[in-house]
Amino acid sequence: MRLMYLGDVVGRSGRDAVVREVPRLRRDLKLDFVAVCGENAAHGFGLTATIAQEFYDAGVDVVTLGNHAWDQREMLAYIDRDPRIVRPANYPDGTPGRGAALYSLPDGRKVLVVQVMGRLFMDPLDCPFASAQAILQKYPLGAAVQAVIVDIHAEATSEKMSMGHFCDGRASLVAGTHSHVPTADAQVLPGGTAYITDLGMCGDYNSVIGMKKEAAMSRFIRKIPGERLSPAEGEATVCGVVVETDRSGKAVSVQPIRIAGRLQQAEPGFPP
């Protein structure tokens with residue numbers, strides 16, 4: 001199976017790039033499944049139902065959220081009606097939505113997408129490791145499901161790496177999101193799980209993590225409240241990874257993908 005997971009989509013520039021590139025990538029890379037982190041898609045803060053539908057129409061199968069899950073208030077009421085949106089599983093019991101989504105491919109194979117949110121330098125949620133453990137025990141890789149993607153939406157690289165090793169052998173891919181900076185450590189762990197500390201973002205890299213530079217820099221330089229942050233509007237780079245699995249659901253390869261924009265392409269084998 002060939003899976004692609006794209007990093008945090010930031011604003012209109014990122015959305016337009018994802019909607020433009022996903023159909024071509026699905027075709028050229030013969031992808032079976034595409035997931036996207038959409039928690040910054042609505043002007044940098046949250047996701048709307050309309051934007052989620054734009055992603056689906058382009059060929060995205062599942063959209064994940066993160067710490068900006070509820071920035072667009074409509075999502076609180078909408079998320080229970082859309083089984084393809086996944087928010088962190090370690091939110092308290094009773095939170096709307098779901099922390100895992102089971103998606104069936106046309107040939108009957110099943111892909112599980114799980115998201116948990118880290119606690120270091122983040123909101124003090126329930127334990128992400130306990131949440132991941134409960135879900136992975138319910139859906140064993142290679143038996144109940146043919147592929148498992150685990151998103152660790154976190155600030156600390158140590159917490160992300162710990163989640164990768166914690167899930168090794170039980171997930172096809174563990175990918176970090178949230179920091180908007182792609183890391184250079186894509187690898188297949190000893191147990192057969194593909195891992196990357198952060199996918200990076202789908203957005204304008206001539207920015208401060210996707211936001212316009214001037215307002216972001218002012219917060220550091222002047223140390224007083226300024227204008228509200230808003231997404232940079234230049235050409236976006238689409239960042240993520242493509243994972244190939246064997247029949248057991250374990251990864252045999254993981255390749256970073258960088259399309260267009262300011263960042264150089266990481267792997268010359270992928271389409272420019």
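Only a predicted model underlies this, so the values are computations on that prediction, with no experimental measurement involved. Counting from 1, the numbers follow the sequence of the chain as shown.
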Checklist entry - How long is the span from the CE atom in Met161 to the CE atom in Met163, to the nearest 0.5 Å? => result 14.0 Å
Checklist entry - With a cut-off of 6.0 Å (strictly less than), are more than 12 heavy atoms of other residues, nucleotides or ligands near CZ of Arg12? => result no
Next on the checklist: Quick one: does any side-chain atom of Asn90 pair with a main-chain N or O of Val116 as donor and acceptor, under 3.5 Å?
Outcome noted: no
Item to check | Exam field: side chain Glu74 to backbone Thr48, donor-acceptor pair closer than 3.5 Å | outcome: no
Item to check | Ser179 and Asp198: side chain donor to acceptor below 3.5 Å | outcome: yes
Next on the checklist: Whether the side chain of Asp246 engages the backbone of Gly249 through a donor-acceptor N/O pair (distance < 3.5 Å, no angle test) should be reported.
Outcome noted: yes
Checklist entry - Can you check whether Ser158's main-chain N or O pairs, donor with acceptor, with Ser162's side chain at less than 3.5 Å? => result yes
Checklist entry - Do the ring planes of Tyr195 and His165 sit parallel (below 30°), tilted (30 to 60°) or perpendicular (above 60°)? => result parallel
Checklist entry - With distance as the sole test, does Arg98 use its side chain to make a donor-acceptor pair with the main-chain N or O of Asp80 at under 3.5 Å? => result yes
Checklist entry - Between Ile135 and Leu112, is any pair of side-chain heavy atoms under 4.5 Å apart? => result yes
Checklist entry - Can any side-chain N or O of Asp8 pair as donor or acceptor with the backbone N or O of Met201 at less than 3.5 Å? => result no
Checklist entry - Is the side chain of Arg87 donor-acceptor paired with the backbone N or O of Pro96 at a distance under 3.5 Å, no angle test? => result yes
Checklist entry - When rounded to the nearest 0.5 angstrom, what is the spacing between CE in Met4 and CG in Leu29? => result 7.0 Å
Next on the checklist: Taking Gly142's backbone N and O only, do any of them form a donor-acceptor pair with Ser248's side chain (distance below 3.5 Å, no angle check)?
Outcome noted: no
Checklist entry - Do Glu21 side-chain atoms and Ile259 backbone N/O form a donor-acceptor pair below 3.5 Å? => result no
Item to check | Ring-face cation contact, Phe45 with Arg228, 6.0 Å cut, 45° max | outcome: yes
Checklist entry - So, the side chain of Arg26 versus the backbone of Asp32: is there a donor-acceptor pair under 3.5 Å, distance only? => result yes
Item to check | Positive for side chain to side chain donor-acceptor pair (under 3.5 Å) with Glu39, one of His153, Gln115, His68, Gln72 | outcome: His153
